[in-house]
Amino acid sequence: MAETAQKILIPETFQGGPGVGYDIASQIGLMWELIKAPLIVPLLRIGVYICLAMSLMLFMERVYMGIVIVLVKLFWPKPEKRYNYEPIQDDVELGSSNFPVVLIQIPMFNEREVYKVSIGAACGLSWPSDRLVIQVLDDSTDPVIKQMVETECQRWASKGINIRYQIRETRGGYKAGALKEGLKRSYVKHCEFVAIFDADFRPEPDYLRRAIPYLTRNPDIALVQGRWRFVNSDECLLTRMQEMSLDYHFTVEQEVGSATHAFFGFNGTAGVWRIAAINEAGGWKDRTTVEDMDLAVRASLRGWKFVYLGDLQVKSELPSTFNAFRFQQHRWSCGPANLFRKMVMEIVRNKKVKFWKKVYVIYSFFFVRKIIAHMVTFTFYCVVLPLTILVPEVKVPIWGAVYIPSVITILNSVGTPRSIHLLFYWILFENVMSMHRTKATLIGLLEAGRVNEWVVTEKLGDIVKNNAAAAAIAKKTPFKLFKNPGFKFGARLHLLELGFGVFLFLCGCYDFVHGKNNYFVYLFLQTITFFICGFGYVGTIIPSS
């Protein structure tokens, strides 16, 4: 029996002789058949069940959000009706004393292209000059840029603006460290509120007049968050895809959180904080790369409320290069997962907030949106579903493969109606990015190597509207505004995307020849998208309007 078994598993022809290549292939096929039934099929079936469960969780979350946002838009009173709101009026007798003192913080790091616009927008805010302190927190490492920023601050100071230029010895704590250091300055002690704007953000002049009254009239409100608008959303297909994802976040997720639980994640910019709430929550912490979300959760656990104003819009810039976008998404995916690991038990043990708010924060805000959403997109549609083609014994029900993702996609598209014609490509692109988000989420949960990696998102300024304009401008400027896709081709290659593109292509070919579900149509389209991203060309495609 032993000899027979040995002949089945290791044929003599495997050891050499004519037709070795054919026999090796036969042996591999035989080994595959031997392990498929007892091992591969059960594992893949378990994977399908897990993915279906995660899909249902995400589906229910999206349907819940969809129902609530409709109710909010139709029946909920506007924020100015839900809260005590009355604009601060100019008073001839009182002068500016009825206006609270507001600090503006603008953190920067080598922001050559956008520093003038952001500083100018902050200095142009409609607020009494003696009740406004503007603080430029410059962590730049380029001495030329530091000099340029300091000169710009001096220019505005000469016009009577109370603007301070601050630098640090090191970049310890990155943005959180800069913001924390800024609040320690002696001239900040008399400030009651702080508005934070990243270097590419430019608020409208009436921003403070619309936001501050919520804080002055409601002592339990800690944060007023404005909505981001994007000056370069039409620059390329990459920016249009980002606009679609972020518009859903602001139109639905932030609005629902504000209306139902007075809680949502601070977006790190375009928001006004009560400084007392920051201090009570423990101040800025740099333990994760999402210092904004960290502060928001800690403040919420102490009973503070947040208000989101969808009509309080602030112009900003989207990453227009694929490398910049990948680094940004790593930080935005890794940070929340790592924060969830650090804070989940603190949230559970908290006694100051209601039970259902804790359920919302743990399950909906963190678990489904920050972990499940990334993992199920990549695992199900880029790994498990293609593998079921190679293992036809495992079936994926059509409701899980088609119906549920279709509903989720339609619900996600409500934020950007003008891009509805790009919806199908947005799905394919999000599947590619889910690979990076899943990897970053696992790094955050496991606190692995790149958990605290912080790469500042490259900004080109809204003067760059398209590749042709960028090339023309670059010829007239001493620094390069836009990298020509034709140069440094090797640096543009992304092997992970190319590897998965090959995998999906092989699965698609197998399904075309042997399959019965016609998955090859999706797989070939997904392959093309992986290859476009893998060769670094997603940021060079100009979308149709």
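Start at 1 with the first residue, then count along the sequence.
- A salt bridge does not link E204 to R229: none of the charged side-chain nitrogens sits closer than 4.0 Å to a carboxylate oxygen.
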For E152 and W156: C-alpha separation, side-chain torsions, deciding distance, then whether side chain to side chain donor-acceptor pair (under 3.5 Å) applies. CA-CA 7 Å; E152 183 69 9; W156 282 102; 3.1 Å; yes

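- At a threshold of 4.5 Å between non-hydrogen side-chain atoms, the residues V133 and V102 do not count as touching.
- A heavy-atom distance below 4.5 Å is found between the side chains of M57 and Y363.
- Residues passing the salt bridge (Lys or Arg N to Asp or Glu O under 4.0 Å) test with R302: none are found, sequence neighbours excluded.
- Looking only at side-chain heavy atoms (C-beta outward), Q254 and N267 come within less than 4.5 Å of each other.
- At distances below 3.5 Å, not a single donor-acceptor pair connects side-chain atoms of Q329 with backbone N or O atoms of M433.
- Put simply, the side chain of S300 never gets that close to the backbone of V297: no donor and acceptor are under 3.5 Å apart.
- Using a 4.5 Å heavy-atom threshold, the side chains of R227 and Y308 count as touching.
- In this structure, CG on L132 lies 8.0 Å from SG on C123, to the nearest 0.5 angstrom.
- More than 12 heavy atoms of other shown residues, nucleotides or ligands fall within 6.0 angstrom of atom NZ in K358.
- Sequence neighbours left out, not one pair with a member in residues 265-279 passes salt bridge (Lys or Arg N to Asp or Glu O under 4.0 Å).
- Taking 4.5 Å as the limit, some side-chain heavy atom of Q135 sits within range of a side-chain heavy atom of L103.
- Here the side chain of R240 pairs no donor or acceptor atom with the backbone of M244 at under 3.5 angstrom.
- Note that CD1 of I163 and CD1 of I106 are 6.5 Å apart. Values are rounded to the nearest 0.5 Å.
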Go through it in stages, so that I can follow the logic: the residues are L237 and L422, the test is side-chain contact (heavy atoms from CB on, under 4.5 Å), and I'd like the CA-CA distance, side-chain angles, deciding distance and then a yes or no. CA-CA 9 Å; L237 191 59; L422 300 174; 4.3 Å; yes

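- Side chains of D234 and T239 form no contact here, defined as non-hydrogen atoms less than 4.5 Å apart.
- A search for side chain to side chain contact (heavy atoms under 4.5 Å, CB included) contacts involving K342 returns R287, T288, N338, E447, not counting sequence neighbours.
- Salt bridge R437/E430: present, at least one basic N to carboxylate O contact under 4.0 Å.
- The minimum heavy-atom distance linking L423 with S413 is given by the pair CD1-CB, 3.7 Å.
- Applying the ring pair (Phe, Tyr, Trp, His ring centres under 6.0 Å) test to residues at least two apart or on different chains, the pairs with a partner in residues 163-196 are Y174-W454.
- Side-chain contact check for L183 versus W284: some heavy-atom pair is nearer than 4.5 Å.
- The closest side-chain donor-acceptor pair between Q166 and D138, if any, does not fall under 3.5 angstrom.
- Residues meeting the side chain to side chain donor-acceptor pair (under 3.5 Å) test with R62, sequence neighbours left out: N412.
- In this structure, L223 and W304 have side chains that are not in contact, with every pair of non-hydrogen atoms separated by 4.5 Å or more.
- Proximity of a side-chain donor or acceptor of N350 to a complementary backbone N or O of K352 within less than 3.5 Å is detected.
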Output, in order, the C-alpha distance, side-chain angles, deciding distance and verdict of side-chain contact (heavy atoms from CB on, under 4.5 Å) for V348 and I362. CA-CA 8 Å; V348 171; I362 292 175; 3.6 Å; yes

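- Figure legend: R171 and F109 shown as a cation-pi pair, the cationic atom lying under 6.0 angstrom from the six-membered ring centre and within 45 degrees of its axis.
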Output, in order, the C-alpha distance, side-chain angles, deciding distance and verdict of ring-ring contact (aromatic ring centres under 6.0 Å, His included) for Y207 and F197. CA-CA 12 Å; Y207 178 89; F197 300 103; 5.2 Å; yes

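- Between K285 and D294 there is no salt bridge, since no side-chain nitrogen of the basic residue lies less than 4.0 Å from a carboxylate oxygen of the acidic one.
- Taking the side chain to side chain donor-acceptor pair (under 3.5 Å) definition, one finds that S364 meets it with E61, R369, sequence neighbours left out.
- Between S320 and L238, the shortest heavy-atom distance links the atoms C-CD2, 3.8 Å.
- At distances below 3.5 Å, not a single donor-acceptor pair connects side-chain atoms of E291 with backbone N or O atoms of L179.
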Determine, step by step, whether F201 and S118 satisfy the side-chain contact (heavy atoms from CB on, under 4.5 Å) criterion, reporting the C-alpha distance in whole Å, the side-chain angles of both residues, the deciding distance to 0.1 Å, and the verdict. CA-CA 6 Å; F201 280 72; S118 58; over 6 Å; no

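- Residues E243 and S419 approach most closely at OE1-OG, 4.0 Å, considering heavy atoms.
- Residue pairs meeting the ring pair (Phe, Tyr, Trp, His ring centres under 6.0 Å) criterion with at least one partner in residues 241-263, sequence neighbours excluded, are W228-F250, H261-Y360, F263-F306, F263-F365.
- Applying the 6.0 Å contact sphere to CZ of F503 captures more than 12 heavy atoms from other residues, nucleotides or ligands.
- The shortest heavy-atom contact between I212 and P100 is CG2-CG, 3.7 Å.
- Applying the side chain to side chain contact (heavy atoms under 4.5 Å, CB included) criterion to L43, with sequence neighbours excluded, gives L39.
- Listed for the Q242 side chain is a donor-acceptor partner under 3.5 Å among the backbone atoms of P319.
- Judged by distance alone, the side chain of T438 and the main-chain N or O of H374 form a donor-acceptor pair under 3.5 Å.
- By the side chain to side chain donor-acceptor pair (under 3.5 Å) test, W426 pairs with S245, sequence neighbours left out.
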Set out, in order, the CA-CA distance, both residues' side-chain angles and the distance that settles side chain to side chain donor-acceptor pair (under 3.5 Å) for R164 and N162, then state yes or no. CA-CA 7 Å; R164 307 295 182 97; N162 187 4; 3.3 Å; yes

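- Across every non-hydrogen atom of A211 and V272, the tightest pair is CB-CG2, 4.1 Å.
- Remark: K175 engages D198 in a salt bridge, criterion side-chain N to carboxylate O under 4.0 Å.
- Applying the side chain to side chain contact (heavy atoms under 4.5 Å, CB included) test to Y49 and every residue at least two apart in sequence or in another chain returns R45.
- F380 meets the ring pair (Phe, Tyr, Trp, His ring centres under 6.0 Å) test with no other residue; sequence neighbours excluded.
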Intermediate values then yes/no, side-chain contact (heavy atoms from CB on, under 4.5 Å), V256 and F264: CA-CA 9 Å; V256 169; F264 48 83; over 6 Å; no

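- Between the side chains of Q147 and T151, a donor-acceptor pair is found at a separation under 3.5 Å.
- Listed for the R202 side chain is a donor-acceptor partner under 3.5 Å among the backbone atoms of D200.
- In this structure, F530 has its ring center at least 6.0 angstrom away from the ring center of F535.
- Shown here are the side chain to side chain donor-acceptor pair (under 3.5 Å) partners of K439, two or more places apart in sequence or in another chain: there are none.
- Between the side chains of N110 and T141, at least one donor N or O sits under 3.5 Å from an acceptor N or O.
- The pair K146-D142 does not count as a salt bridge, with every side-chain nitrogen at least 4.0 angstrom from each carboxylate oxygen.
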